[in-house]
Amino acid sequence: MPSQSADPEAPAPKTALSINAEELPKHFESAEAEARWDTAWQASGIYHYDETRPREETFVVDTPPPTVSGSLHVGHVFSYTQADVVVRYWRMRGKNIFYPMGWDDNGLPTERRVQDYFHVRCEAHVPYEPGLELKEASDAQRKERPRLVSRKNFIELCHQLTQVDEQAFHALFQRLALSVDWRQTYSTIDEHCRAIAQRSFLDLSAKGLAYQTWAPTMWDVDFQTAVAQAEVEDRTRPGAFHHIEFGVQGSDRSFVIATTRPELLPACVGVTAHPDDARNKDLFGKQALTPLFKVPVPIFPSELADPSKGTGILMVCTFGDQTDVLWWREQKLALRQVIGKDGRLVPVAYGSPGFESQDPELANRHYAELEGKKLAPAREQIVTLLRSASGSATGKGAPLTQEPEKIEHTVKFYERGERPLEFLSTRQWFVRLLDKKQALLAKGAEIDWRPDYMGVRYRDWTEGLSQDWCVSRQRYFGVAIPVWYRIDASGQPNYEQPILPAESQLPVDPMLDVPAGFQASQRDQPDGFTGETDVFDTWFTSSMTPQIGSHWGKDAARHARLFPADVRPQSHEIIRTWAFYTIAKALCHEGRVPWHNVMISGWILDPDRKKMAKSKGNAVTPLHLFEEYGVDSVRYWAASARLGADTAFDTQTFKVGKRLATKLFNAGKFVLGHPGELHPITSEIDRAFVAKLARLVESATLDLEGYRYANALQNIETFFWSQFTDTYIELAKPRAWGAQGRAEERGSALSALRLGLNVLLRLFAPVLPYITEEVWSWVFASETGQASIHVAPWPSAGDFKGIAPPHDPGSFDLALSCLNAINKAKSDAGVSAGRVAERLTLRANAGTLAAIAPVIADVAGAARCLSYDTALDAQLEAGVFAVTDAVFAAKA
RNA sequence: GGGCGGGUAGCUCAGUUGGUAGAGCGCUGGCUUUACAAGCCGGAUGUCGCAGGUUCGAGCCCUGUCCCGCCCACCA
């Protein structure tokens, strides 16, 4: 609604465009403005990436793809806003922004939702049903057995369900004003991402970095899948040391081991103790006899055995923990795997190879009471058996020597799992990372971690890496591992020489697609082939997000323009997974870093200082915050927190943000609502104000370049309130809008007020996109030709070009101090600040009086002094004023 | 057990290279002031976790220590 102000008399160099403030709403209607501007921004395409511009003009963001299951919470709003503020800054700096969005819809969370929602189970060998359509399962259907569907149908159902969530996520992010280019959207299970992940695998295979092996691997018995080191967490659980007496073959010696896992007794393959432990030195080299099963196992010394733990001597099982795996390998022990993939004890025949026993019949009788049981019941059962056994291996003494000793110990869990992990020997695919530690550390050091101490977490994790990356998962809704295996004439798959697809075929589904040189009819037939059923760890795909954006392997020119990215925003708990694997992949594929900066956001804590998370039921939904406070206010809260700092959820800060948006709205109305002539900025006070503004611009720019957006915001906000609205506007408005004085002086004030508003709006724009755009649109959009503030240039020295510096850089602060002294005199007298002072005397020391002279008229105008005297008071400190002899006009 | 971060006003947090402790909220006194009462002008509020040390001078540097949080760690 800009309109020309009418002043036909004045041949002014330039007439200020102004608005009719009366026509504007009384308050800023945030919800209405959000809808209006969102539509405008999407229509104008200001967030679009321009692929014709070169790399050096481009700022590339490796956006975190949120997990699509359920809803977004306020923690997402927090961290995504922080990244968006940085992105918006660089856009205003003229960068061509590549800011994609991804949906992480592949993986277990989605599978579980789909299983529940449709009441289905995926069964890899069920045939595909084209056109299968399912709706949410009814209560009646839920009572039936779940419907079995093929993997392809299951994946389709996953897509169907995630699409609904993705739309809701998209709408919320868009309202949050994330300046994403929505044309660059991917989902981690889509064809493009599957092809990239599989291409990654082909490249790793070609480089000898991907290998498969039959090896003990951490296994979740509920999900029935292998898991990687990074997905494992320690939890403290109550346990108990059971003391079990072992015999020694060919001797009447016996010894007692202590174990928290008596159910692994049938899996015992050895016994070890510290080499210097005098209690057991005589045993090394002999064979122990396990109780109940009478299996002879070697006794060997090991430095890893801790003499102070338990009884100092322990049984080695396949597999109780990672140390067992180590001993098993070093000592070339037998493999007696009694735990099945489902966590139940598998059938075993004593007396057969691998299960030699001195008394097979007794062993089989005991084992029969364990077979098929889950681990917890098996543990109870074996304790009962030990208690009731008539004799120990040596034939004397009770095998269970005493009551179990209760302890708290740490147990490894899959992070999403509910039962402890087991080590199971299975065939899995791995990526070779252990021997790349030094290179991984070097790459991590090349990256700027913000805050920098987050780099330490990466370093510590990398240094502590103890296993290669197990990338295969026995799941369904994931990216298929693109390999087939030949089946020999006897029907055995040949895992040694897998068949890989050609790169041009990607993505492939080995369960559906047929490898070159075979017919579909040869699937699972002797002399035919079989498809790999495993899928990749979801991180295998997620670790490719920079390459997913850059179309690695598909569009070399685009990849060159977009890789490595400039910044990866993410949170700290996934440094060991997402950040680590992404760095590892970029290293393996191209020997480069995937991005130059990582910005790590903190967590939102509830008032009890616990992490706010949907799963804990303490999360706040963002939408009602948008409604109550406005998006700008919510963004203000997010941008107030420094990177890496966990932040309390505090509604007070939303209120402060809302107040700020309102103030910008009102200041905008006021400054732009008055017509007048614009003249060059020449008056001392105006120049002094501009000089301070220029310093603010410098410091805010430095802060934003260093990702210290919260610092910048704080300085901008402080300046806005204390130097602009409450002060400079007060000092300048009588001159700018009064009829008195020379046109040049009035025009100087008007120009400086508008410059101040213009610059401050742009400084606030990355944090408060809606209100700044709103105010910008009234006048500045047409005046500058920049239709949107979000593509207007970031303030710089150029904005102040041609404006002479003030004679005295301190004159602005001096004017404030003087104005405050008069206001205080009014306050002390109980007089409103608006009351006219008919006369008063300003006292200060000589230097201060001299310095205030050039701006005293402005102060007097702002303080509404009709007349004033100055008087010397040498006692006062520099810059301090005293007001005396004030006479205020009667109340109007 | 190891590592990282934090402990500053009642609350949420700033505090650049060491130089007289800050903001907002809250509390409180005053003011309808022609942009804004969602406002303005004032006021009160601190053993900077604790103990040492370096220094003319420490919230900041060093040592020790206590709390809180996070990450890691070999489950006998």
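Proteins come first, then strands; the chains are lettered A, B, ... in the order of their sequence lines, and each starts at number 1.
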Short N/O separations, protein against nucleotides 23-25 of chain B, under 3.5 angstrom:
| unit_1 | atom_1 | unit_2 | atom_2 | d |
| --- | --- | --- | --- | --- |
| B/C25 | OP1 | A/R659 | NH1 | 3.2 |
| B/C25 | O2' | A/Q652 | OE1 | 3.1 |
| B/C25 | O2' | A/Q652 | NE2 | 2.9 |

What nitrogen or oxygen pairs link the protein and nucleotides 4-10 of chain B at under 3.5 Å?
none

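With A/Y709 as the aromatic partner, A/R642 does not meet the cation-pi criteria of under 6.0 angstrom to the ring centre and within 45 degrees of the ring axis. A cation-pi arrangement is not found for A/R459 relative to A/W449, the charged atom failing to lie both closer than 6.0 Å to the ring centre and inside a 45° cone about the ring normal.
When the ring-ring contact (aromatic ring centres under 6.0 Å, His included) test is applied to A/F28, the partners found at least two apart in sequence or on another chain are A/F665. Scanning for salt bridge (Lys or Arg N to Asp or Glu O under 4.0 Å) contacts around A/E838 gives an empty result, with sequence neighbours left out.
Summarising the geometry, the separation between CG on A/L424 and P on B/C75 is reported as 20 Å, rounded to the nearest angstrom. Between A/I822 atom CD1 and B/U33 atom C1' the separation is 15 Å, expressed in whole Å. Rounded to a whole Å, the CZ atom of A/R864 is 14 Å from the P atom of B/C41. Between A/L731 atom CG and B/U33 atom P there is a gap of 20 Å when expressed in whole angstrom units. As a whole-Å value, the separation of A/N715 CG from B/U16 P is 13 Å. In this structure, the CZ atom of A/F28 is 16 Å from the P atom of B/G39, given to the nearest Å.
Base pairing annotation: B/A23 forms a Watson-Crick or G-U wobble pair with B/U12, both donor-acceptor distances under 3.5 Å. Nucleotide B/C61: paired with B/G53 (Watson-Crick or G-U wobble, both distances less than 3.5 Å). Here B/C40 sits opposite B/G30 as a Watson-Crick or G-U wobble pair (both hydrogen-bonding atom distances under 3.5 Å). Taking a pair to require two hydrogen-bonding distances under 3.5 Å in either a Watson-Crick or a G-U wobble arrangement, B/C4 pairs with B/G69.
Comparing B/C36, B/C75, B/C74 by their nearest atom to the side chain of A/N666 picks out B/C36. With distances taken from any side-chain atom of A/W461 to the nucleotides B/C70, B/C75, B/A73, the minimum falls on B/A73.
Contacts between residues 299-315 of chain A and RNA chain B, defined by a heavy-atom separation below 4.0 Å, involve A/L304, A/A305, A/D306, A/K309, A/L314, listed by number. Within residues 719-727 of chain A, the residues that place at least one heavy atom under 4.0 Å from RNA chain B are, in residue-number order, A/W721, A/T725, A/D726.
Counting atom types as modelled, A/K663 pairs a side-chain N or O with a base atom of B/C36 as donor and acceptor under 3.5 Å.
Comparing the same atom, C1', in B/C13 and in B/C48 gives a spacing of 14 Å after rounding to whole Å. Here, B/C66 and B/C50 have their P atoms 15 Å apart, quoted to the whole Å. Taking atom P on both nucleotides, B/G19 is separated from B/G26 by 32 Å, rounded to a whole Å. Here, B/C4 and B/G43 have their C1' atoms 42 Å apart, quoted to the whole Å.
Looking at which nucleotide of RNA chain B each of A/N711 and A/S466 is closest to, the 5′-most match is held by A/N711. When the nearest nucleotides of RNA chain B are assigned to A/R576 and A/P420 by heavy-atom distance, the more 5′-ward of the two goes with A/R576.
A centroid separation of less than 6.0 Å is found between the aromatic rings of A/F78 and A/W637. The aromatic ring centres of A/F319 and A/F423 sit 6.0 Å or more apart.
Using a 4.0 Å cut-off between charged nitrogen and carboxylate oxygen, A/D858 and A/R735 count as a salt-bridge pair.
In terms of phosphate contacts, A/S827 brings no side-chain nitrogen or oxygen within less than 4.0 Å of OP1 or OP2 of B/C31.
For the pair A/N280 (side chain) and A/L283 (backbone), a donor-acceptor distance under 3.5 Å is absent. Between the A/T410 side chain and the A/D234 main chain, no donor and acceptor come within less than 3.5 Å of each other.
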